[in-house]
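Heads up: the structure comes next, in structure tokens.
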Amino acid sequence: MQSPPLAEQRRIVAKVEQLMALVDALETQLAASRATAANLLSALVAELTRPN
């Protein structure tokens, strides 16, 4: 099996790098969303268990 032409290989590598950068950004956003959810849950529990 022959390798794709060099220009095609470079295009593939560029696309993979672009997609990996997107994955990294999505992982960062997911971690931030999880932290926000945990903070909201803690605040909700504190509010619901606070004496009147």
Side-chain angles (χ1 to χ4, degrees):
M1 185 167 149
Q2 279 189 321
S3 297
L6 188 55
E8 180 68 5
Q9 290 179 37
R10 288 185 176 141
R11 187 193 69 76
I12 292 168
V13 168
K15 187 64 173 180
V16 169
E17 289 174 346
Q18 177 188 23
L19 292 173
M20 290 305 296
L22 179 58
V23 167
D24 289 343
L26 290 172
E27 286 176 339
T28 299
Q29 289 177 6
L30 181 57
S33 294
R34 285 181 173 158
T36 299
N39 289 338
L40 287 172
L41 181 58
S42 294
L44 179 61
V45 169
E47 184 66 24
L48 291 175
T49 58
R50 184 174 56 115
N52 292 332

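Computed from a predicted model, the values in this text were never measured in an experiment.
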In Å, rounded to the nearest 0.5 Å, how long is the span from CD1 of Ile12 to NZ of Lys15?
12.0 Å
About how many Å separate CG of Leu41 and OG1 of Thr36, when rounded to the nearest 0.5 Å?
12.5 Å
Starting at CG of Leu6, measure out to CZ of Arg11 and round the result to the nearest 0.5 Å.
13.0 Å
Side-chain heavy atoms under 4.5 angstrom apart, residues restricted to Ile, Leu, Val, Met, Phe, Trp, Tyr: same cluster for Leu40 and Leu48?
no
Quick check: do Leu26 and Gln29 have side-chain heavy atoms less than 4.5 Å from each other?
yes
Are the side chains of Val13 and Glu17 in contact, using a 4.5 Å heavy-atom criterion?
yes
Indicate the atoms forming the closest heavy-atom contact of Gln9 with Pro4, along with that distance.
NE2-O, 2.6 Å
